[in-house]
S.K.: 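Next up is a structure, given as structure tokens.
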Amino acid sequence: MELFAIFTAEELAPVFVFAAIVAGTFWVLSAISGRNSHAEERLERIGRPKSLLDIDINGPESRQRFAGLRDMFSNLGGSMESQSELEKNTLRVKLANAGFRSEQAASVYLGLRVVCLVGFLLPALFFFLLKDGFTLKSMEWTVFLGGMGFYLPKATLWYMVSTRQKEIFLTLPDALDLLVVCVESGLGLDAALRKVTDEMKGHAKILCEEFQLANLQLQMGRPRREVLHDLGVRTGVDDVRSLAAILIQADRFGSSIAQALRVQSDSMRVRRRQLAEEKAAKTAVQLIFPLVLFIFPAIFVVLVGPAAIQISRNLLKSG
């Protein structure tokens, strides 16, 4: 408080700006200097093959471009990582649903939450304390902005998960129909997945990435039951989970995979028709609010306005 009383906000603002510029420059330089060279990355890949969680289907070099930033966020998030295995697994599943399958994804995500908290909290703290001092209003705004920065990555993760699951949900029927055709024509499940990936990678990129990763796991020798189960958990879509369960059951009991896929395709088609009917039935209820708030007032003004003007004129003349 004595420091704030001696110096004004105009005098302290350049100091804070200079400190922010120095911190940002040090952060960028440390991130750039922490990156490994391409030769070291190649030697590391040759000497120690990556696990399936580190495989990037679109190209492994795109992830290594920001290796320094990833390691820095991972170190920051290590202090916030929970000790409970249940919470760790839940966070990993959410990140996998958003498309982040790396082993360091959880720690990087927690590090981003710390950075967003500090990035929102410190400017709010300096601004409101310099402007109003330690008042209830300044503390409320500071806590509000700090909480918003802390929960901003969580809201972003929820949006990414919902967007990704929606795209998988919309592109799955076409992929399933093509998978049925491929299996019924004599191809095995592995070859059918490769065919679906090759044919639909232009307009169903996310689903094809998941199928390609599942096919890669099958080629590396993992049991089909585990691969299909991981596919359902990794996507987080109910239709993919049911598809994986049916394929696991067909593989366990030796039944026809083509017949199981056709049954799943028919049930998915019925479910989509029911969802469309449900949305159509909700339309009448959802239209009440815009009708009452926006359309009815305009109609009321147009219809009753001239009559109200005439009534007011007649009352003024008679008065």
Side-chain angles (χ1 to χ4, degrees), residues 45-46 48-60 62-63 92-93 95-103 161 164-273 275:
R45 287 199 297 269
I46 294 173
R48 183 181 57 84
K50 291 186 176 181
S51 62
L52 287 173
L53 294 175
D54 292 332
I55 291 176
D56 189 359
I57 298 173
N58 296 327
S62 61
R63 287 176 178 253
R92 289 171 184 170
V93 169
L95 292 171
N97 294 337
F100 303 104
R101 296 180 289 267
S102 174
E103 294 180 353
V161 169
R164 196 169 185 271
Q165 290 180 348
K166 182 179 179 181
E167 185 173 351
I168 294 175
F169 179 77
L170 293 176
T171 56
L172 184 60
D174 297 336
L176 189 57
D177 292 338
L178 183 57
L179 193 63
V180 171
V181 173
C182 293
V183 172
E184 288 183 346
S185 64
L187 294 177
L189 183 60
D190 303 350
L193 288 176
R194 287 196 298 269
K195 187 64 176 178
V196 171
T197 302
D198 294 336
E199 294 292 334
M200 298 187 61
K201 61 184 179 181
H203 64 281
K205 183 178 179 181
I206 296 178
L207 186 61
C208 290
E209 287 180 358
E210 297 295 337
F211 281 168
Q212 187 175 357
L213 181 57
N215 196 13
L216 181 60
Q217 291 175 347
L218 289 173
Q219 292 177 359
M220 294 184 67
R222 290 193 64 188
R224 182 175 295 178
R225 184 185 309 172
E226 296 180 3
V227 172
L228 294 175
H229 179 267
D230 291 345
L231 177 63
V233 174
R234 192 168 59 243
T235 56
V237 181
D238 295 334
D239 291 339
V240 180
R241 288 198 188 101
S242 60
L243 174 63
I246 288 176
L247 291 177
I248 290 173
Q249 185 178 4
D251 182 66
R252 178 181 298 177
F253 294 102
S255 58
S256 175
I257 295 180
Q259 183 64 27
L261 289 174
R262 183 166 291 280
V263 171
Q264 176 65 17
S265 177
D266 295 338
S267 63
M268 188 181 300
R269 198 170 288 110
V270 171
R271 181 171 178 268
R272 288 180 180 276
R273 183 169 64 249
L275 289 175

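Note that the numbering runs from 1 along the sequence shown for the chain.
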S.K.: Taking side chain as C-beta onward, heavy atoms only, is Arg224 less than 4.5 Å from Leu189?
M.R.: yes
S.K.: Any chance you could measure Arg194, atom CZ, to Phe211, atom CZ, to the nearest 0.5 Å?
M.R.: 14.0 Å
S.K.: Between Thr171 and His203, what is the shortest heavy-atom contact and its length?
M.R.: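 Shortest heavy-atom separation between Thr171 and His203 comes out as CG2-O, 4.0 Å.
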S.K.: Is there a side-chain contact between Lys205 and Glu209, using heavy atoms and a 4.5 Å cut-off?
M.R.: yes
S.K.: Would you check if the side chain of Asn97 reaches a backbone N or O of Val93 as a donor-acceptor pair within less than 3.5 Å?
M.R.: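 Yes, because the side chain of Asn97 sits within donor-acceptor range (under 3.5 Å) of the backbone of Val93.
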S.K.: Provide the full list of side chain to side chain donor-acceptor pair (under 3.5 Å) pairs with a residue in residues 180-193, sequence neighbours left out, each pair given once.
M.R.: Glu184-Arg262
S.K.: Measuring from atom CZ of Arg234 to atom CG of Leu95, what distance do you get when rounded to the nearest 0.5 angstrom?
M.R.: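 Arg234 atom CZ to Leu95 atom CG measures 14.0 Å (nearest 0.5 Å).
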S.K.: Considering only NZ, NE, NH1 and NH2 on the basic side and carboxylate oxygens on the acidic side, decide whether Lys195 and Asp198 come within less than 4.0 Å.
M.R.: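 Judged by the 4.0 Å cut-off on N to carboxylate O distance, Lys195 and Asp198 do not form a salt bridge.
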S.K.: The test is salt bridge (charged side-chain N to carboxylate O under 4.0 Å, His left out); show your working for Glu210 and Arg101 and say whether it passes.
M.R.: CA-CA 11 Å; Glu210 297 295 337; Arg101 296 180 289 267; 3.3 Å; yes
S.K.: Return the minimal non-hydrogen interatomic distance between Met268 and Asp239, and the atom names on each side.
M.R.: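 In this case the closest contact between Met268 and Asp239 is CE-CB, 3.9 Å.
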S.K.: Measure the spacing between CG of Leu218 and CG of Leu231 and express it to the nearest 0.5 Å.
M.R.: 9.5 Å
S.K.: Heavy atoms only: give me the nearest Ala192-Val183 pair and the separation to one decimal.
M.R.: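 Scanning both residues completely, I find the closest heavy atoms to be CB-CG2, 3.9 Å.
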S.K.: With a 4.5 Å heavy-atom cut-off, do Gln212 and Leu216 have their side chains touching?
M.R.: no
S.K.: Walk me through whether Gln165 and Thr235 qualify under side chain to side chain donor-acceptor pair (under 3.5 Å).
M.R.: CA-CA 7 Å; Gln165 290 180 348; Thr235 56; over 6 Å; no
S.K.: Report yes if some heavy atom in the side chain of Arg222 is under 4.5 Å from a heavy atom in the side chain of Asp230; otherwise report no.
M.R.: yes
S.K.: Do Ile168 and Val240 have side chains that get closer than 4.5 Å, going by heavy atoms?
M.R.: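 When only atoms from C-beta onward are counted, Val240 and Ile168 do touch, with a gap below 4.5 Å.
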S.K.: Where do Gln264 and Leu176 come nearest, in terms of heavy atoms and distance?
M.R.: CG-CD2, 3.9 Å
S.K.: Got a donor-acceptor contact below 3.5 angstrom from the Ser265 side chain to the Leu261 backbone?
M.R.: no
S.K.: Yes or no on salt bridge (charged side-chain N to carboxylate O under 4.0 Å, His left out) for Arg241 and Asp238, after CA distance, side-chain angles and deciding distance?
M.R.: CA-CA 5 Å; Arg241 288 198 188 101; Asp238 295 334; 2.9 Å; yes
